[in-house]
Amino acid sequence: MKLQTDIRTWQSQPTPASATSVRDWEKLGCAVPAPKLAPSTWVKLFNPPTAFSFDEAWLLCECSEEQWLAWIPDYGEILLSTHEFCAT
């Protein structure tokens with residue numbers, strides 16, 4: 001039996017420049033400064049991939065310094081850049 005994995009890549013809209021201040025990050029409910037990211041951590045998505053998907057993702061593994069493979073309930077696996085989410 002062969003297990004096949006469907007990994008989807010999604011490009012988000014850039015985070016507004018106004019979200020760079022500590023106060024703006026706090027409004028989004030994000031930890032400032034961001035804690036060290038680790039697998040098996042829930043993160044808050046700035047822009048979910050669809051209007052019907054959850055706004056949180058479960059980090060599966062770090063692919064590079066700037067990208068993580070994550071799982072979104074009712075959506076599936078997705079490759080996220082670190083600027084697309086924050087640790088809650």
Side-chain angles (χ1 to χ4, degrees):
M1 178 178 187
K2 184 178 177 184
L3 181 64
Q4 188 172 15
T5 303
D6 179 23
I7 299 175
R8 304 171 194 177
T9 303
W10 174 71
Q11 298 296 323
S12 73
Q13 300 300 319
T15 305
S18 61
T20 57
S21 75
V22 170
R23 184 172 293 139
D24 290 335
W25 285 100
E26 289 172 344
K27 286 179 191 174
L28 293 171
C30 297
V32 178
K36 173 125 175 75
L37 298 172
S40 301
T41 302
W42 283 103
V43 293
K44 182 82 168 169
L45 300 173
F46 295 126
N47 297 307
T50 71
F52 303 106
S53 63
F54 283 73
D55 64 349
E56 292 184 320
W58 181 256
L59 297 180
L60 298 175
C61 65
E62 187 175 18
C63 297
S64 71
E65 194 172 301
E66 303 261 332
Q67 290 188 320
W68 281 81
L69 180 63
W71 174 77
I72 301 172
D74 292 337
Y75 182 81
E77 291 181 349
I78 188 168
L79 191 59
L80 295 171
S81 295
T82 54
H83 70 275
E84 296 178 294
F85 63 87
C86 68
T88 55

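- Although no hydrogens or angles enter the test, the distance criterion places no donor-acceptor pair under 3.5 Å between the side chain of Ser81 and the main chain of His83.
- Considering every non-hydrogen atom in both Thr82 and Gln67, the closest pair reads CG2-N, 4.4 Å.
- We find the CH2-OG1 distance between Trp68 and Thr41 to be 7.0 Å, quoted to the nearest 0.5 Å.
- When side chains are defined from C-beta on, Tyr75 counts as touching Thr50, because their heavy atoms get closer than 4.5 Å.
- Taking CH2 from Trp71 and CZ from Phe54, the interatomic distance works out to 7.5 Å, rounded to the nearest 0.5 Å.
- Minimum interatomic distance between Ile72 and Glu56 (heavy atoms only, all atoms of both residues): CG2-O, 3.8 Å.
- Between atom CG of residue Leu60 and atom CG of residue Leu79 there is a gap of 10.5 Å, rounded to the nearest 0.5 Å.
- Between Leu45 and Glu84, every side-chain heavy-atom pair lies at or beyond the 4.5 Å cut-off.
- Here the CG-SG distance, from Leu69 to Cys63, works out to 5.0 Å after rounding to the nearest 0.5 Å.
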